[in-house]
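Following: one structure in structure tokens, then a few remarks.
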Amino acid sequence: MFTTLRIATRLLCPMRNYRVGVKDIKKGMIVNTRNRLWAISDFALHTQGRQGSHIKVELVPFGGGGGGGVSGGGKVVARMASDDYFDALEIRTRACQFLYESEGLLHFLDLDSMDEISCSADLLEGGDRVVKMLNDSMDISIQCVDDETAEVVSVKLPPTSVYRIAIAPPAASIITNEGKGTRFKHATLENGVNVVVPEFVMQGESIVVSLADFKYRERVKASQQ
């Protein structure tokens, strides 16, 4: 049996930050500024003659929503003096499995502690559109603050996952030609998500789908389905 650990929502309670000078920052560091979490994607020293020098720091949104993570959209550039600082956070990753979704909450099993972790669906990297792509027992990476609160700040799906085709029209339903005569058609997964697949993919078969762009990657061999 497992126990319920907590329900976490974005920035529900104060997080324990530590102050780091801008001269000591590193790529990938998570900082708390402008009322949300950011990942430092790049930084560089700039010198402007008599005006002195400053450090330009590129920040990308960290956590749930449209994109999220270190590669998420909405990048901003902060101009910092050499004696400025950030409030940084120690983040640790927990290996989990997806259990179920209920009333906007996602429930996971921590594979180390066997605790159940519950968090808001808005912490899911990729936003609401990827909720339907969650599979039973899917391996999930959950990032949380490394302190006594263990507050969840981001939920990351694997790069790809396997899904069964629920509806696939005949091969004659062609929508495009690509490459060396490859022809494609629309199909619907069992979770209701529409994807574009090669004409040879049939109803009832399983395919590998990229969770970054919902694109077909390959057909699963019959012996593995």
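Heavy atoms only: backbone and side chains are in, while hydrogens, waters and symmetry mates are out.
Within the 4.5 Å cutoff, the side chain of Ile207 has heavy atoms near those of the Ile165 side chain. Between Leu134 and Leu157, the closest side-chain pair of non-hydrogen atoms falls below 4.5 Å. In this structure, the side chains of Val155 and Cys119 come closer than 4.5 Å at one or more pairs of heavy atoms. At a threshold of 4.5 Å between non-hydrogen side-chain atoms, the residues Arg92 and Glu90 do not count as touching. Using a 4.5 Å cut-off on side-chain heavy atoms (C-beta onward), Val208 and Tyr216 make no contact. Counting only heavy atoms from C-beta outward, the side chains of Val153 and Leu123 never approach each other to under 4.5 Å.
The structure places OG1 of Thr93 at 9.0 Å from NZ of Lys156, a figure rounded to the nearest 0.5 Å. The NE2 atom of His46 sits 9.5 Å away from the CZ atom of Arg79 when rounded to the nearest 0.5 Å. The CD atom of Glu190 sits 9.5 Å away from the CG atom of Asn135 when rounded to the nearest 0.5 Å. In this structure, the separation between NZ on Lys215 and OG on Ser210 is 8.5 Å, given to the nearest 0.5 Å. With values rounded to the nearest 0.5 angstrom, Cys144 atom SG is found 9.5 Å from Glu151 atom CD. Here Cys96 contributes atom SG and Leu106 contributes atom CG; the two are 11.5 Å apart, rounded to the nearest 0.5 Å.
Scored by the ring-ring contact (aromatic ring centres under 6.0 Å, His included) test, Phe98 finds Phe108 as partners (sequence neighbours excluded). With sequence neighbours excluded, the residues forming a side-chain contact (heavy atoms from CB on, under 4.5 Å) with Gln97 are Leu111, Ser137, Asp139, listed by chain and number.
For the residue pair Leu89 and Val31, the shortest heavy atom distance occurs at CD1-C, 4.1 Å. Nearest heavy atom pair, residue Phe62 against residue Ala39, reads CB-N, 3.9 Å. Between Met138 and Ser161, the closest heavy-atom pair is CE-OG, 3.4 Å. When all heavy atoms of Leu99 and Asp136 are compared, the closest pair comes out as O-OD1, 4.0 Å. Of all heavy-atom pairs spanning Met133 and Val193, the tightest one is SD-CG2, 3.7 Å. Heavy-atom minimum distance, Ala168 versus Val201: CB-O, 4.1 Å.
Judged by distance alone, the side chain of Arg183 and the main-chain N or O of Phe200 form no donor-acceptor pair under 3.5 Å. Asp110 contributes a side-chain N or O that, together with a main-chain N or O of Ser113, makes up a donor-acceptor pair within less than 3.5 Å. Side-chain N or O atoms of Trp38 include one that pairs as donor or acceptor with a backbone N or O of Thr33 at under 3.5 Å. In terms of modelled atom types and a separation under 3.5 Å, the side chain of Tyr163 and the main chain of Thr188 share no donor-acceptor contact. The backbone N or O of Gly21 lies less than 3.5 Å from no partner atom in the side chain of Asp84, so there is not a single donor-acceptor pair.
Sparse packing is recorded around OH of Tyr85, with 12 or fewer heavy atoms of other residues, nucleotides or ligands lying under 6.0 Å away.
Criterion: ILVMFWY side-chain heavy atoms under 4.5 Å apart, direct or through other members. Under it, Met80 and Val76 are part of a common hydrophobic cluster. One hydrophobic cluster, built from ILVMFWY side chains closer than 4.5 Å, cannot hold both Ile167 and Val209; they sit in different ones. The cluster map of Ile, Leu, Val, Met, Phe, Trp and Tyr, joined by side-chain heavy atoms under 4.5 Å apart, puts Tyr18 and Ile25 in the same cluster. Cluster membership check: Tyr100 shares its hydrophobic cluster with Leu109, using side-chain heavy-atom separations under 4.5 Å among Ile, Leu, Val, Met, Phe, Trp and Tyr. Ile40 and Val77 are assigned to two separate hydrophobic clusters, defined by single-linkage of ILVMFWY side chains at heavy-atom distances under 4.5 Å.
A donor-acceptor contact under 3.5 angstrom links the side chains of Glu116 and His107, judged on distance only.
A salt bridge does not link Lys185 to Glu199: none of the charged side-chain nitrogens sits closer than 4.0 Å to a carboxylate oxygen. Under the 4.0 Å criterion applied to side-chain N and carboxylate O atoms, Arg164 and Glu205 are not assigned as salt-bridge partners.
For residues 19-29, every residue pair satisfying the salt bridge (charged side-chain N to carboxylate O under 4.0 Å, His left out) rule, not counting sequence neighbours, is listed here: Lys27-Asp42.
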